[in-house]
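Every heavy atom of this structure was used, including side-chain atoms; hydrogens, water molecules and symmetry mates were not.
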Amino acid sequence: MHLRSALYSFGLLAAAAFVNAAPVKIARQSGVPKVVVAHHIVGLTSAFTVDDWTSDIKLAQASGIDGFALNIGNDGFTNTQAQNAFQAAEQLNSSFKLFFSFDMSSFPCQTADDGARIRDLTLQFASRPNQLQVDGKAFVSTFAGEACKFGQADAPSGWRSQFTQHPETAGKVHFVPSFFVDPATFNTFSGVMDGDFNFNSGWPLALSAAQAPQILPGVDLNNVNAAGVQTLQKLIGAFYTDNQHISQLANVQGSAKTYMAAVAPWFFTHFGADTFNKNFVFDGDEHLWVTRWENLIANRDKVSLVEIVTWNDFGESHYIGPKHGQLPPGSEKWVDGFDHQGFLDLTNFFATQFKTGQAPPITKDQLVMWARPHPKNATPNDPVGAPKDFQLFQDKLWAVVLASADGQLTLATSDTTSQTFNVKAGVNKLSLGLTPGGFMHGTLTRNGQTVIDLKPVDYKFDPNPPAFNYNAFVASASSQ
C-alpha cells in the first residue's frame, strides 16, 4: 500500500482545457516492447509461497497481462519474495516478465551508501530469464524517488551517481521511474530517465470537489445534468496528463523516451489518523476502467507500456486480482466481500487491443456491473469521517457489456426501477440510477432469449450503512 502524503497533480484549474488538447506525436522507441503489466505490491506478500506466485502469474497471464511490476520496499522479506516470484515465473517456463518498481517512500535514499541496496537488488535479478529487458538492459521503475539525493546536491545528481551512471549499473538498466514532479522539470533528469511512468494518470486527479465549480460550472453535484455528464466523460480516463508527460519527456537529453501509462479501476481509502491517516477518493465514475483503456488504445502509438494500478493494493481499493496475502490492517472493513475480479474479466479484451491494435473477436458475451454499497450522502456514525471528495460521486449502477452480437440489456435497481438499452456488438457502457434499499440486476437478451441473468444476492444499496465504504462491489457473468 502506497502512502500518498504529497501526490503531484498538475494543472488543476486548467483541467478541462486539456481534455480537447491537440494530440502529441512522439514516436515509440523501437526497442521497447508493447506490453501490459500489473503493479504487484510485494509488501503484502510476506507469507506467499512459490505456489501463491504461480497462481497469481497464471491468472494474470490468462487475463492478457504480460508481467508484474514488483513494487518492493525495505522489508525483511523482500529478497525472499522476489526470489519466489522469479522462481514461479521460471518454473512455468512462460514468457511472463517481472521487474522491480522500487518504493522509494520505503527505501532510505539520502546517503550514497543507500544506493547500494537499490543496485544490489537490481543486479541480483537483472539476468534472470523472466526479467523484463529493453535493449539488453534490465527494466527498472519506481514509485516516487523525486526527493532521493543519495548524498548529492539534488535528486538528479543522486540518481545519476548512485544508480544509472554508477560503475556497477551503468549501461545495465533501462530506468523508467515515477517521479512526482512537475513534468516541466524532467529535463533536469538527463542521464537518469530512460523514460517516465505516469503513475497517477489512471485517475482524474484534477477533478476534486474544490475544483468542481471551475470544471463543472453551474452543475449540481447531487443532480448532474447532461452537460455535466458530458464534461465528466471527457475528463475521467482522459489522456491529457499523458500528453503533458510525453511532451516533456522529449526534452530529456539522451532519454529513450519510453512512456509507461497507468490504468486503474477505482480509488477509495479510509484510514483514520490513528493508522495511516489516509481518507480520500478519486472519481472512478463514468466507467473509468473501460474509458481509460479506450483512450490508451486510441493513443497507443505514443505509449510503450501500460501498467495496471494495481493487482493487489487492497488498502486503496484499486485491486483487480483475488484477495489473498495480507490486507493492510483496518482495510478489511471495505475490502471483505468486495471482489474486483470482474474488472479483471474485462482486461484481456482491452489489453489485447492495446498490444495488437485490433479488437479481438468476442466469442462469449460478458456483463460486468459495479456500484458503491451506499448513497454518497449517507451519514453513518463513523469516527474516521467522510473521505475527501466523496461529493463528486454519482449514485449509479455502472455496467459494461462485451457483446458478441446486437441485443438488449435490462438494468434494474429495484422492483420498480429499470431500463432497457439496445446493445450493439462490441463494447457497451451503460448506467442506471441506484435505489436506496435496492439491488443490482442485469439481464442480457437476444432474439427473445436470455443470454445472461446477473443479480448478486449479497449486494444491497444500503441507505443506512454502519460506516463509510466507497469501494466498488463488482459482479460479472458470461454467456455459456
Side-chain angles (χ1 to χ4, degrees), residues 1-2 33-45 47-72 81-101 125 128-133 139 141 143 176 197 199 202 260-266 289-290 292-293 296-297 303-314 316-327 335 338-356 360 366 368 402 474 476 478:
M1 182 183 63
H2 296 308
K34 189 175 282 291
V35 298
V36 173
V37 300
H39 194 84
H40 199 302
I41 297 185
V42 178
L44 298 178
T45 68
F48 263 35
T49 64
V50 173
D51 287 344
D52 290 318
W53 282 107
T54 300
S55 175
D56 272 5
I57 290 170
K58 290 172 69 174
L59 179 59
Q61 198 162 33
S63 303
I65 298 170
D66 304 302
F68 283 148
L70 298 176
N71 176 262
I72 56 173
Q81 290 306 332
Q83 172 62 34
N84 285 346
F86 275 89
Q87 182 179 338
E90 290 164 12
Q91 288 178 353
L92 286 170
N93 194 28
S94 73
S95 60
F96 197 82
K97 299 302 182 183
L98 303 169
F99 64 88
F100 288 142
S101 177
F125 293 90
R128 298 288 285 265
N130 292 81
Q131 163 71 47
L132 179 62
Q133 300 278 341
F139 190 98
S141 187
F143 175 85
V176 182
F197 172 34
F199 184 94
M260 183 160 63
V263 58
W266 208 253
W289 180 239
V290 171
R292 177 63 177 166
W293 271 116
L296 291 175
I297 291 164
V303 179
S304 299
L305 304 94
V306 170
E307 184 165 322
I308 295 167
V309 181
T310 60
W311 182 262
N312 65 332
D313 194 336
F314 307 109
E316 294 181 353
S317 308
H318 43 73
Y319 52 95
I320 65 168
K323 192 186 78 172
H324 70 147
Q326 297 166 245
L327 292 181
V335 173
F338 287 77
D339 187 278
H340 280 191
Q341 290 182 83
F343 292 133
L344 184 63
D345 291 342
L346 295 171
T347 302
N348 200 353
F349 178 85
F350 294 104
T352 299
Q353 189 173 1
F354 168 77
K355 288 181 284 186
T356 67
Q366 282 185 282
V368 181
L402 300 185
V474 186
S476 177
S478 60

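- Inter-residue side-chain proximity for Trp293 and Val36 is flagged as met; some heavy-atom pair is nearer than 4.5 Å.
- Side-chain contact between Phe139 and Met260: present, with at least one pair of heavy atoms (C-beta onward) separated by less than 4.5 Å.
- Two residues are said to be in side-chain contact when any heavy atoms from C-beta on lie closer than 4.5 Å; Gln341 and Val474 fail this criterion.
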Under the ring-ring contact (aromatic ring centres under 6.0 Å, His included) rule, what do His39 and Phe199 come out as? Steps first, then yes or no, please. CA-CA 10 Å; His39 194 84; Phe199 184 94; 5.5 Å; yes
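- The shortest distance between side-chain heavy atoms of Phe354 and Val303 falls below 4.5 Å.
- A search for ring-ring contact (aromatic ring centres under 6.0 Å, His included) contacts involving Phe48 returns Trp53, His324, not counting sequence neighbours.
- You'll find the side chain of Leu59 reaches within 4.5 Å of the side chain of Trp311, heavy atoms only.
- Checked against side chain to side chain donor-acceptor pair (under 3.5 Å), Gln91 has no partners two or more places apart in sequence or in another chain.
- Within the 4.5 Å cutoff, the side chain of Ser95 has heavy atoms near those of the Gln61 side chain.
- Remark: the Arg128 side chain and the Gln83 side chain contain an N/O donor-acceptor pair separated by less than 3.5 Å.
- Looking only at side-chain heavy atoms (C-beta outward), Phe96 and Phe68 come within less than 4.5 Å of each other.
- Phe125 meets the ring-ring contact (aromatic ring centres under 6.0 Å, His included) test with Phe86, Phe100; sequence neighbours excluded.
- Note: Ser476 OG to Asp339 CG = 9.5 Å, rounded to the nearest 0.5 Å.
- Between Leu132 and Asp66 there is no side-chain heavy-atom pair separated by less than 4.5 Å.
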